[in-house]
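Below: one structure, written as structure tokens.
All values derive from a computational prediction rather than experimental measurement. Throughout, a chain's letter reflects where its sequence line sits, starting with A, and its residues are numbered from 1.
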Amino acid sequence: MSEIILETRGLTKHYGGVHALTEADFTLRRGEHVAIMGDNGAGKSTFVRQITGVEKPTRGQIIFDGVEHTFESPIEAREAGIETVFQTLALADDLDVPSNLFLGREKVRFRLGPFSILDKRAMREATMAALVKTGVKIPNLSNTIRNMSGGQRQCVAIARTAAFKSKLVIMDEPTAALGVQETAQVENIIRTLKEAGEPLILISHNMRQVFDLVDRIVVFRRGRIVANLRKEETDGQDVVAYITGAKTGAEYEGAP
Amino acid sequence: MAQTTHGIGGLAYDPTKRTRPPELNVLAALILIILAFEVLGRMFIGDSFLFNTRENIDTLFNEQRLQIIILQVSIVGIIALGVTQVIITGGIDLSSGSVVGATAMIAMSFAQTAIVNGNPNPKAIFGEGMMDLPVIVPVLVGLGCGLFAGLVNGLLIAYTRIPPFIATLGMMVAARGCAKWWSKGNPISFPTESYAAIGKGMMPVLIFITLAVVFHLIMTQTRYGKHSYAIGSNEQAARMSGINVARHKVLVYAIAGMLAALAAIVLSSKNLTAQAGMGVMYELDAIAMAVIGGVSLQGGRGSIIGTVLGALIFGVIISGFTFLKLDAYYQEMVKGVIIVAAVVLDTWRQNQRGRG
């Protein structure tokens, strides 16, 4: 097993004439938590969409767990072991917690094509296990998501990543819409993942949160990676300078 | 957040957060409506709606009325089972009434008997060789018609991404045209005995109840059901979770088409004839049954049990109006009011939740 879980080489995405992502070289080691920062439109979400199979890159390589992948869909990426908590929550409001956790990957008792009979008990038990693993607390498993607060929904979305043997978790601004207490709850879950040695990519605008949680910060600007900073060797002001373009990392000189 | 304090092992049980199944409200409405008719009946026409008042028959309830209530809704009820699934996925099917017309015509023409009262069948569509066929032929042909219509609906909706309202509206007009074209507007009659047996007596009720149980289990216990609710609830999320949304929609509309076809077979068998005008407005009655039964037009919510209760409410209201000797015109007007009221209630409930 190699030390590196995810590597991208020259990852590029053009939407027509718009160069949303240019030549992104990125590496993530096992157990490492990395934050991706940058202004709106800097290419963060575009980058995530390429490695999670939501979109196909214009060119470039994605090497995940030692194998080069071209993901045709989010499902393929997920099957490879990349679990994503999207900014727009991918939850079905009218379903209960276990149904949401296992949406599209239901455990079945009896295979019969689309009419396969669900194994509700196994899903409930696996849901409990995932909630324990992430430290998420939910008032009632059989409640629909509709009746839950934003924080609880986010927790369900995160617990979903833990219900399966994921090798990499990606979170796209998981606390953007949450209150103080709920944010703390989500941050605790992220710390739990860190202790469990699960690698994580966190997209966030929240400087305090990033310095609290991650080992390394990668800054995007105008579709390019402009800095790769170890947390101990930088500070907030420094990061802001990279984000706004006042500074560019030495190894990225020449970028516009 | 109080509920997080007493949670151990990921589950903090809070009984106040438990929600009451919405079917209970529909059941309460059904009972209320029956009681209203009972009271109105005793007040205005001196008769009981529910109970037997004739002394020559020895039963507690007015069984004849109860039978009629369920018999008259069971055929549209079969359609409503399919429409329920369509609406749960966030769609709508306006074509079912016309599919009933077209299917009844086509199936019936394969179910004709050659000799009627010693004479050749006066309404014969095909020649001798195509008469007195085994009952399986018209049934399969009929189901095939429904499957075809449903597949066209589903493929249009899933792959051209036109709104279900438009796709099924087109099918509604086209299938009605097909029903009229099939025999140039002539009714088709004189089915074989075995075909006539399908819709005889209380058979429609039996078929309706059996299918209701089957689809209740499918919607609650299988992947198909789970995915239907997921798509109606959040199509984007369903797609991101790896559900093949397009294929699922095609399946749902195909099933709805086949249920409409089955209703057509039962109806033409019961009436011993098929006419091009059969099933007019059935689609709206079926949608109304679902909506009254708590199926949300926004998708994601509702159940087969709800729709069966909705169908019963529907039947009780029609029957109750006849019982009170009210004009048939009032029935239709009141039916319209009830449908709108049910949707208003659903919207209102949704807003309540949004705030809470």
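One finds the CE atom of B:Met240 at 12.5 Å from the OG atom of A:Ser73 (value rounded to the nearest 0.5 Å).
For B:Arg239, the part lying under 4.5 angstrom from a heavy atom of chain A is the backbone only. Proximity to chain B (any heavy atom under 4.5 Å) is shown, for A:Ser116, by both the backbone and the side chain. With a 4.5 Å cut-off on non-hydrogen atoms, B:Ile231 does not touch chain A at all.
Closest heavy-atom contact between A:Arg160 and B:Ser241: NH1-OG, 3.5 Å. The minimum heavy-atom distance linking A:Lys120 with B:Thr220 is given by the pair NZ-O, 2.8 Å. Across A:Asp93 and B:Ser233, no two heavy atoms sit closer than the pair N-OG, 2.9 Å. Of all heavy-atom pairs spanning A:Phe115 and B:Ile255, the tightest one is CZ-CD1, 3.8 Å. Between A:Leu91 and B:Asn234 the shortest heavy-atom distance is O-ND2, 2.8 Å. Across all their heavy atoms, A:Ala92 and B:Ala237 have their closest contact at N-CB, 4.4 Å.
No more than 12 heavy atoms of other residues, nucleotides or ligands sit less than 6.0 Å from atom NZ of A:Lys107. A 6.0 Å sphere centred on CZ of A:Arg121 holds no more than 12 heavy atoms belonging to other residues, nucleotides or ligands. When the shell of 6.0 Å around CZ of A:Arg111 is examined, it contains 12 or fewer heavy atoms from other residues, nucleotides or ligands. No more than 12 heavy atoms of other residues, nucleotides or ligands lie within 6.0 Å of CZ in A:Phe110, so this atom counts as exposed by the packing criterion.
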Derivation of the side chain to side chain contact (heavy atoms under 4.5 Å, CB included) call for A:Asp94 and B:Tyr229: CA-CA 7 Å; A:Asp94 298 304; B:Tyr229 284 101; 5.6 Å; no

What verdict does the side chain to side chain contact (heavy atoms under 4.5 Å, CB included) test give for A:Arg146 and B:Arg301, after you've listed the backbone C-alpha separation in whole Å, the side-chain angles of each residue and the deciding distance to 0.1 Å? CA-CA 11 Å; A:Arg146 186 181 297 280; B:Arg301 268 170 306 132; 4.0 Å; yes

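In this structure, the side chains of A:Leu118 and B:Gln221 stay at 4.5 Å or more apart for every pair of heavy atoms. With contacts defined as side-chain heavy-atom distances shorter than 4.5 Å, the pair B:Leu251/A:Pro114 qualifies.
Ranked by non-hydrogen atom pairs under 4.5 Å with chain B, the options A:Leu112, A:Val108, A:Val54, A:Leu103 are led by A:Leu103. In terms of heavy-atom pairs under 4.5 Å with chain A, the best-connected choice from B:Gly225, B:Ala230, B:Gly299 is B:Ala230.
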